[in-house]
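Report on the following structure.
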Amino acid sequence: MHFTSEQRLDDGVLEREFTLGDIPGTLWTPESAAPVPLILMAHNNGLPKAAARLVARARHSAACGYAVATIDTAGCGDRPRSAADEQVRADLRRAMQAGEPVDEIFESLVGPLVEKAVPEWRTTLDALLALPEIGGPVGYSGWTAVGIRLAAVEPRIAAAGFFAGGYVPRAQREEARQVTIPLLFLLQWDDDGNPRQRALDLFDAFGTKEKTLHANLGGHTGTPWFEVEDGNRFFGRHLK
């Protein structure tokens, strides 16, 4: 892991950009004399790690005493996309503008993103836990499809907060039964792009005995800020 820049923010949080091979990422750490728990934070469906909503959540969590890391995985954010990736995204835009069914297009887009992203997240986790300022336990917050796979295969993930707004491929809906860690699931009740019943069915499918559903009125980007604060309390119960 190679740190390429750092700055101390007004709230005392240290923000550092890093590279790990081809993987670019950002790490936020609080002022602390002791190693702190870690939260891996991923944006839905490959949006960039510098997206304002993700950065705001990350900084808030870091100020509450967590190390928070995010990365751009292969084909996501600022990383180059293949011609096939670009074609699928163009097909998706066209279908959405025409009001046509998009589930199969999402399958061909999100499924490969998950397959590429999870190994890179695990590599990143290895490097982060080797840093002296990070001690674990480890939580995950954000992109549900990647989070399901990570929680199913990565025993170091102790708790997860999932956002229901991103498309979850059929394979991950099946894998949800393997998720047995404590879970907080956020649902926007009026999200046109995420059928409510599908999200509720996914919540039912999770195998954990400790799962909580928070549903709020509003569209895709309308998640209230207090859910970020509630999320930190959730992680406080399971990571500290």
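Numbers here are sequence positions counted from 1.
- Taking both residues in full, the closest heavy atoms of Ala127 and Leu20 are given as CB-CD2, 3.9 Å, listed atom of the first, atom of the second, then distance.
- For the pair Tyr66 (side chain) and Gly236 (backbone), a donor-acceptor distance under 3.5 Å is present.
- Hydrophobic clustering (side-chain heavy atoms under 4.5 Å, transitive across Ile, Leu, Val, Met, Phe, Trp, Tyr) groups Tyr140 together with Leu113.
- Linking Ile, Leu, Val, Met, Phe, Trp and Tyr residues whenever their side-chain heavy atoms come within less than 4.5 Å places Phe206 and Ile181 in a single cluster.
- Taking 4.5 Å as the limit, some side-chain heavy atom of Leu9 sits within range of a side-chain heavy atom of Gln7.
- Across every non-hydrogen atom of Leu27 and Leu128, the tightest pair is CD1-CD2, 4.1 Å.
- Atoms CZ and CZ, on Arg8 and Arg16 in that order, are 8.5 Å from each other to the nearest 0.5 Å.
- Contact record, Ile148 with Val179: O-CG2, 4.0 Å, taken as the closest heavy-atom pair.
- Side-chain contact between His220 and Asn194 is absent, with no heavy atoms from C-beta onward closer than 4.5 Å.
- The two atoms that bring Leu184 and Phe234 nearest to each other are N-CZ, 3.7 Å, heavy atoms only.
- Applying the side chain to side chain donor-acceptor pair (under 3.5 Å) test to pairs two or more places apart or on separate chains, those with a residue in residues 202-213 are Glu210-His238.
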Step-by-step side-chain contact (heavy atoms from CB on, under 4.5 Å) determination, Thr73 to Lys116: CA-CA 7 Å; Thr73 55; Lys116 296 173 185 175; 5.9 Å; no
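- Taking 4.5 Å as the limit, some side-chain heavy atom of Leu202 sits within range of a side-chain heavy atom of Thr144.
- Between Leu200 and Gln197 the shortest side-chain heavy-atom distance falls below 4.5 Å.
- The pair Asp85-Arg79 does not meet the salt-bridge criterion, since no charged nitrogen lies less than 4.0 angstrom from a carboxylate oxygen.
- Between Pro169 and Glu174 there is no side-chain heavy-atom pair separated by less than 4.5 Å.
- Using a 4.5 Å cut-off on side-chain heavy atoms (C-beta onward), Leu54 and Met41 make contact.
- Cluster membership check: Leu239 does not share its hydrophobic cluster with Leu131, using side-chain heavy-atom separations under 4.5 Å among Ile, Leu, Val, Met, Phe, Trp and Tyr.
- The backbone N or O of Thr223 sits nowhere less than 3.5 Å from a side-chain atom of Asn216 that would complete a donor-acceptor pair.
- For the pair Glu6 (side chain) and Leu14 (backbone), a donor-acceptor distance under 3.5 Å is absent.
- Here the side chains of Ser61 and Trp28 are not in contact, with every heavy-atom distance at 4.5 Å or above.
- One side chain, Arg57 or Ser141, offers a donor N or O that lies under 3.5 Å from an acceptor on the other.
- Looking only at side-chain heavy atoms (C-beta outward), Arg93 and Met96 stay at 4.5 Å or farther from each other.
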For residues 151-165, please give each side-chain donor-acceptor pair under 3.5 Å, one per line with the distance, not counting sequence neighbours.
from	atom 1	to	atom 2	distance (Å)
Glu154	OE1	Arg122	NE	2.9
Glu154	OE1	Arg122	NH2	3.4
Glu154	OE1	Arg156	NH2	3.1
Glu154	OE2	Arg156	N	3.1
Glu154	OE2	Arg156	NE	2.8
Arg156	NH1	Asp126	OD1	2.9
Arg156	NH2	Asp126	OD1	2.8

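- Phe185 and Phe203 have parallel rings, their planes meeting at less than 30° on a 0 to 90° scale where 60° marks the start of perpendicular.
- Linking ILVMFWY residues whenever their side-chain heavy atoms come closer than 4.5 Å, directly or via other members, places Phe18 and Val138 in the same cluster.
- Applying the side-chain contact (heavy atoms from CB on, under 4.5 Å) test to Asp230 and every residue at least two apart in sequence or in another chain returns His214, Phe226, Glu227, Arg233.
- Ala95 and Ile105 make their closest contact through CB-CD1, 3.7 Å (heavy atoms, listed as atom of the first residue, atom of the second, distance).
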